[in-house]
2 protein chains.
Amino acid sequence: MNIDKENQFFEFKELCHKSDLKITPQRVVIYEILSSTDEHPSAETVYKKARRIMPNISFDTVNRTLNTFSDIGAAFIVEGTGDVRRFDAGLGNHQHFKCVKCKRIIDFHYEEFDNVHRPAELEKFDILKSTVYFEGICDVCKKK
Amino acid sequence: MNIDKENQFFEFKELCHKSDLKITPQRVVIYEILSSTDEHPSAETVYKKARRIMPNISFDTVNRTLNTFSDIGAAFIVEGTGDVRRFDAGLGNHQHFKCVKCKRIIDFHYEEFDNVHRPAELEKFDILKSTVYFEGICDVCKKK
DNA sequence: GTACTATATAGTAGTTAATACTATTTAGCA
DNA sequence: TGCTAAATAGTATTAACTACTATATAGTAC
Ligand SMILES: [Mn+2]
Ligand SMILES: [Mn+2]
Ligand SMILES: [Zn+2]
Ligand SMILES: [Zn+2]
């Protein structure tokens, strides 16, 4: 393990300790798999890789552990929140804020976000859509 | 129906005609429901509202129709892509580009996106996260 | 208006992702 | 080296979404 990875693994253990989570072999394997790829794998993909190392690991453990990592900030969900699909017929330029408590999605509009700069790194792709999106606690939920 | 809504409805019908979609009562009801709310409803929510107007409408029709609207550009999905959840242990600042064909999620980093401006409209919320995200066709898929 | 036909729908079944349950095991600690 | 709360394996269940099929209908041609 190189210095970077060792350090990342140390931070992972710190995060577990802070949240009173035990450092189990399953969690270690799952974290190793997730932190050594840039392909943003699904739970199923992580499960398949984990079984090569730990043949009896269950899908439930992998899925639950990934959610746990997400809860403690050791990882995050980049696609598909697990929530249901939600639709919008408002085609005018606007952006969204989502409350993580009540799941309300609130429209707002800030012109600069309608056409954000397209970084040079992305030039080799055909960009169809850009999105600026905020998440947090809404005014109503703050009062509770 | 006011001028704005009438115009929006006209544009909706145009979009249907362009894609050779029939203007059915079900589609009209679903579009009316979706276009007259800013609450970004789920298929289930639209279905419940639609049943008040059209008691025999099926969930399948509502769900399929919402997907159709999304396909023809009369609406779009603002939450939950239908794809499975995918995870990322990369905690360093970075952004994502997703290829809509092969579903690859590709990391990139453009410093200005690490701290985007927080519009005044959002001051009443506690913002926990901001995201800048691009979608399109990746270099590999372009070649096909 | 009437008849035709490809498209759309209702009702239901099936699939897949994700979560819940429970008996057993184990990490962390005294 | 036990003890105990937490975690896991194996399985069941739930929930979101999609697929299927017989029937109905929107759009069109006459
Ligand atoms: Mn919106
Ligand atoms: Mn990433
Ligand atoms: Zn809220
Ligand atoms: Zn691609």
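The model shown is predicted, which means the values in this text are computed figures rather than measured ones. Each chain gets a letter, A, B and so on, in the order the sequences are listed, and its residues count up from 1.
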Which letter, B, S or -, goes with each nucleotide of nucleotides 25-30 of chain C from 5' to 3', with contact meaning a protein heavy atom under 4.0 Å?
-> --BS--
OP1 or OP2 of C/dT9 under 4.0 Å from side-chain N/O of B/R64 = yes
Whole-Å distance between D/dG10 P and A/N63 CG?
-> 16 Å
Within less than 4.0 Å of OP1 or OP2 of C/dT7, is there a side-chain N or O belonging to B/R27?
-> no
Spacing of B/L66 atom CG relative to C/dT9 atom C1', expressed in whole Å = 15 Å
Kindly determine whether B/T68 and B/T65 satisfy side chain to side chain donor-acceptor pair (under 3.5 Å), including the steps that lead there.
-> CA-CA 5 Å; B/T68 304; B/T65 299; 5.4 Å; no
Atom-pair distance (CG on A/N67; P on C/dA17), nearest Å = 15 Å
Evaluate the salt bridge (charged side-chain N to carboxylate O under 4.0 Å, His left out) criterion for residues A/D126 and B/K101: first the C-alpha distance (whole Å), next the side-chain angles of each, then the deciding distance (0.1 Å), finally the verdict.
-> CA-CA 11 Å; A/D126 286 345; B/K101 296 263 186 203; over 6 Å; no
So, with a heavy-atom separation below 4.0 Å from DNA chain D, the residues of residues 34-62 of chain A are A/N56, A/I57, A/S58, A/D60, A/T61
Report the distance from atom CZ of B/R85 to atom P of C/dT16, rounded to the nearest whole Å.
-> 18 Å
Under 3.5 Å, is there a donor-acceptor pair between the side chain of A/T61 and the main chain of A/I57?
-> no
Got A/T131 and B/F134 here, is their nearest side-chain heavy-atom distance under 4.5 Å?
-> no
May I have the distance from B/R86 (atom CZ) to C/dT16 (atom C1'), rounded to whole angstrom?
-> 17 Å
Rounding to the nearest 10°, end axes of the helix from C/dG1-D/dC30 to C/dA30-D/dT1 built from five pairs each make an angle of 40°
Output, in order, the C-alpha distance, side-chain angles, deciding distance and verdict of salt bridge (charged side-chain N to carboxylate O under 4.0 Å, His left out) for A/R51 and A/E44.
-> CA-CA 11 Å; A/R51 283 227 304 210; A/E44 187 64 34; over 6 Å; no
Salt-bridged, A/R104 to A/D139, with N to O below 4.0 Å?
-> yes
Mind calculating the distance between OH (A/Y31) and P (D/dA7) to the nearest angstrom?
-> 18 Å
So does A/K142 have more than 12 non-hydrogen atoms from other groups sitting under 6.0 Å from NZ?
-> yes
Could you go step by step and tell me if A/E32 and A/R52 meet the salt bridge (charged side-chain N to carboxylate O under 4.0 Å, His left out) rule?
-> CA-CA 13 Å; A/E32 293 274 323; A/R52 287 186 217 143; over 6 Å; no
Please assess B/Q95 against B/D114 for the test side chain to side chain donor-acceptor pair (under 3.5 Å), listing each intermediate value before the final yes or no.
-> CA-CA 8 Å; B/Q95 291 81 32; B/D114 296 342; 2.9 Å; yes
A/H96 and side-chain contact (heavy atoms from CB on, under 4.5 Å): which partner among A/D88, A/V132, A/I106?
-> A/D88
B/R85/A/N63 under side chain to side chain donor-acceptor pair (under 3.5 Å): CA gap, chis, key distance, verdict | CA-CA 10 Å; B/R85 278 176 319 163; A/N63 189 56; 2.4 Å; yes
